[in-house]
Amino acid sequence: MQLLQLISSVSPIQVVGPKNPEISALTFDSRKVTPGSMFVAIRGTMVDGHSFIPLLEHSGVASIVCEQLPDKVLPGITYVVVRNTSVALGLLSSEWFGHPSRKLKLVGVTGTNGKTTTATLIYEMARLMGLKAGLLSTVCNYIETEAIASTQTTPDAYSINELLARMVGEGCSVVAMEVSSHAAHQHRIAGLEFAGGVFSNLTRDHLDYHKTVQAYLEAKKSFFDGLPSQAFALVNVDDKVGRVMLQNCAAKHYTYSLRGMADYSGRIIESRLDGTLLSLNGNEVETMFTGKFNAYNLTAVFGASCLLGWPEEEVLTKISRLVPVSGRFQAIRSKNGVVAIVDYAHTPDAVVNVLEAIREVGPKRIITVVGAGGNRDAGKRPIMAAEAAKLSDQVILTSDNPRFEEPSAILKDMESGLTEEARCRTLIIEDRREAIRTAAALGEPGDVILIAGKGHEDYQEIKGVKHHFDDREEIKAAFEQE
């Protein structure tokens with residue numbers, strides 16, 4: 001591609017060097033620069049790409065996109081100076097791959113909890129409608145039925161456009177995508193044209209990165225601020241910041257609720273461990289999902305599906321065929337009548353949601369196994385432990401992904417949130433496998449064991465190394481030993 005075409009939407013401040021060289025590749029990783037490449041110098045959270053520019057002198061790089069010219073400007077290289085290289089990467093990637101988001105109905109889902117389930121179910125709904133669809137999510141990316149491993153909730157801008165282009169090539173017409181606060185703040189979605197956006201809720205999370213709840217909110221809101229006028233914005237008005245998301249949003253505004261008047265209203269009629277009878281805009285639907293949080297997710301899916309233009313009656317029929325996402329309120333039963341629920345809940349609010357859903361079905365006792373991740377928001381640790389103890393009969397505090405922290409230090413933080421009464425009902429078992437086996441041994445017929453925090457993850461990250469570990473495998477093995 002010629003450079004002038006590639007940078008046509010970037011609005012550069014300055015262009016220095018050959019006017020219109022041929023660009024053979026686009027990259028923001030200096031290690032992947034080949035002769036004829038354009039290198040985009042991104043200011044990352046850990047590394048600044050500008051520091052690698054001097055190393056590219058003999059690489060054959062054709063163009064460098066940067067926020068400031070290097071001290072040494074080399075002949076034969078076109079330097080494109082822009083205000084923000086992260087934004088530029090999104091715009092350049094979109095141009096490089098032929099603006100794939102314009103050829104799809106791309107729906108973004110953001111919020112603290114419910115992103116994965118809502119995005120996945122919109123993708124599944126599209127496929128039940130007979131359409132080819134794609135998914136970008138925490139659990140896995142899908143191009144129709146082809147699974148592509150996911151390493152981030154929202155990939156980098158280049159990878160997003162590469163995946164979207166492949167989806168276009170495979171004939172997909174609808175794509176559902178999780179939009180994380182990190183991705184919005186780091187402009188990974190720059191250059192994408194969304195057909196719609198969905199907001200689920202906002203509770204404390206990622207304060208290790210955003211520092212304040214207000215900054216976290218503003219990152220989420222920036223996604224809605226960028227939606228075009230022809231798109232739809234569907235928000236949960238039962239959440240206190242739901243309507244805040246619509247301020248300065250040019251898209252058409254729609255709401256959903258379980259508590260009051262909204263464009264799309266849901267109501268739980270009957271809740272069981274294996275499903276919920278739900279009313280959606282006055283129509284009764286039997287679903288395979290449990291809990292109020294899933295009722296919200298399904299109401300959002302109902303609204304988004306209708307806003308995508310699918311017939312309401314057909315949407316209602318197909319909602320009953322949707323199945324829970326792997327590692328999200330996933331039930332595993334023992335031979336002696338104990339039920340284990342494996343769930344990704346890793347925030348205080350998510351833990352409360354899952355435990356309240358379990359309480360609604362009237363178990364004999366609830367035994368909760370919960371930990372907290374290392375090198376993340378430490379402030380939520382005592383809150384998570386306190387909430388787990390409040391809604392459980394027995395709690396086992398254990399490791400999650402300690403990363404580079406000492407598990408004992410994380411557990412000490414969690415324990416600090418417990419009252420004296422709660423401590424009497426709490427065990428601290430650092431080894432997660434042993435914690436799960438202990439919970440299984442304590443379980444009696446009629447009890448429910450919640451294993452929270454990791455859900456679909458099949459690894460445990462310790463000192464920078466990912467070791468295979470799957471909560472679902474562990475509880476099944478523990479049940480078989482009983």
Side-chain angles (χ1 to χ4, degrees), residues 109-121 137-139 153 178-182 198-210 213 216-217 220 236 238-242 258 271 273 276 289-300 324-331 340-361 366-374 376-392 395-401 410 413-414 417 448-457 471-472:
V109 182
T110 196
T112 305
N113 302 311
K115 292 190 299 296
T116 299
T117 295
T118 302
T120 302
L121 296 183
S137 87
T138 303
V139 176
T153 298
E178 288 187 56
V179 178
S180 69
S181 58
H182 293 71
V198 179
F199 169 74
S200 59
N201 49 62
L202 189 134
T203 59
R204 179 183 179 129
D205 200 14
H206 301 306
L207 296 197
D208 54 299
Y209 178 83
H210 296 288
V213 172
Y216 178 46
L217 183 157
K220 298 284 188 189
N236 173 9
D238 292 348
D239 188 281
K240 61 185 177 183
V241 301
L258 293 188
S271 186
L273 205 55
T276 300
F289 296 76
T290 299
K292 186 186 291 185
F293 65 100
N294 270 324
Y296 275 109
N297 294 335
L298 289 168
T299 306
V325 177
S326 176
R328 288 349 190 239
F329 210 89
Q330 187 170 347
I341 302 294
V342 176
D343 195 89
Y344 189 55
H346 60 283
T347 66
D349 187 62
V351 169
V352 169
N353 287 340
V354 176
L355 285 169
E356 285 182 344
I358 294 170
R359 282 226 166 269
E360 285 171 17
V361 300
I366 298 176
I367 302 167
T368 297
V369 179
V370 64
R376 297 292 187 268
D377 176 16
K380 72 181 182 183
R381 294 170 186 172
I383 304 170
M384 282 180 68
E387 296 290 10
K390 197 183 301 180
L391 292 166
S392 306
V395 176
I396 302 175
L397 300 181
T398 190
S399 290
D400 190 302
N401 288 319
I410 298 171
D413 285 344
M414 296 190 78
V448 173
I449 299 169
L450 170 63
I451 305 171
K454 292 177 60 59
H456 66 282
E457 292 179 350
D471 285 351
R472 296 159 296 186

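Heavy-atom basis, side chains included; hydrogens, waters and symmetry copies ignored. Please read all numbers here as calculations on a predicted model, not as lab measurements.
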Interatomic spacing from CG in Asp413 to CD1 in Ile383 - rounded to 0.5 Å = 11.5 Å
Minimum side-chain heavy-atom gap Tyr296-Asn113 below 4.5 Å = no
Interatomic spacing from OG1 in Thr299 to NZ in Lys292 - rounded to 0.5 Å = 12.0 Å
side-chain hydrogen bond (donor to acceptor under 3.5 Å, both in side chains) with Asp471: which residues, sequence neighbours excluded?
-> Arg432
Non-hydrogen atoms of Ala300 and Val198 that approach each other most closely | CB-CG1, 4.1 Å
Heavy-atom closest pair (His346 atom, Lys380 atom, distance to 0.1 Å) is O-NZ, 3.0 Å
Candidate pair Ser271 and Thr290, rule side-chain contact (heavy atoms from CB on, under 4.5 Å), full reasoning = CA-CA 6 Å; Ser271 186; Thr290 299; 4.1 Å; yes
Partner set under side-chain contact (heavy atoms from CB on, under 4.5 Å) for Val241, not counting sequence neighbours = Phe199, Leu202, Leu217, Asp239, Val244, Met245
State, with a plain yes or no, whether a side-chain heavy atom of Thr138 is found less than 4.5 Å away from one of Glu178.
-> yes
Under a 4.5 Å cut-off applied to non-hydrogen side-chain atoms, are Leu450 and Phe329 in contact?
-> no
Between atom CG of Asp400 and atom CZ of Arg376, what is the distance when rounded to the nearest 0.5 Å?
-> 10.5 Å
Applying side-chain contact (heavy atoms from CB on, under 4.5 Å) to Pro382 and not counting sequence neighbours gives Ser416
Please name all residues satisfying side-chain hydrogen bond (donor to acceptor under 3.5 Å, both in side chains) with Asn353, sequence neighbours left out, ordered by chain then number.
-> Asp349
Do Asn201 and Phe293 come close enough that some side-chain heavy atom pair is under 4.5 Å?
-> no
Any idea which heavy atoms bring Thr347 and Met384 closest together, and the distance?
-> C-CG, 4.0 Å
Can you measure from CG (Asn297) to CZ (Phe289) and round to the nearest 0.5 angstrom?
-> 8.0 Å
Side chains of Thr203 and Pro348: closer than 4.5 Å at any heavy-atom pair?
-> no
dist Ser326:OG -> Glu457:CD (nearest 0.5 Å) comes out at 11.0 Å
Are any of the side-chain heavy atoms of His456 and Thr116 separated by less than 4.5 Å?
-> no
Pairing residues for Glu360 by the salt bridge (Lys or Arg N to Asp or Glu O under 4.0 Å) criterion, not counting sequence neighbours = none
By side-chain contact (heavy atoms from CB on, under 4.5 Å) - contacts of Ala372 (at least two apart) = Arg381, Ile410, Met414
Tell me, with the steps shown, if Leu391 and Ile366 meet side-chain contact (heavy atoms from CB on, under 4.5 Å).
-> CA-CA 8 Å; Leu391 292 166; Ile366 298 176; 6.0 Å; no
Less than 4.5 Å apart, any side-chain heavy atom of Leu397 and any of Val370?
-> yes
To the nearest 0.5 Å, how far apart are CG in Leu258 and CG in Asn236?
-> 7.5 Å
Look at Glu387 together with Lys390 and state whether they make a salt bridge at an N to O cut-off of under 4.0 Å.
-> yes
Under 3.5 Å, is there a donor-acceptor pair between the side chain of Lys454 and the main chain of Gly327?
-> no
Identify, with sequence neighbours excluded, every residue that meets side-chain hydrogen bond (donor to acceptor under 3.5 Å, both in side chains) alongside Thr117.
-> none
Asn294 side chain near Thr276 side chain, heavy-atom distance below 4.5 Å | no
Can you list the residues that meet the side-chain hydrogen bond (donor to acceptor under 3.5 Å, both in side chains) rule with Thr120, with sequence neighbours excluded?
-> none
Results of side-chain contact (heavy atoms from CB on, under 4.5 Å) for Ser200 - residues two or more places apart only | Tyr256
Has the side chain of Lys115 got a donor or acceptor atom that lies under 3.5 Å from a matching backbone atom of Val109?
-> no
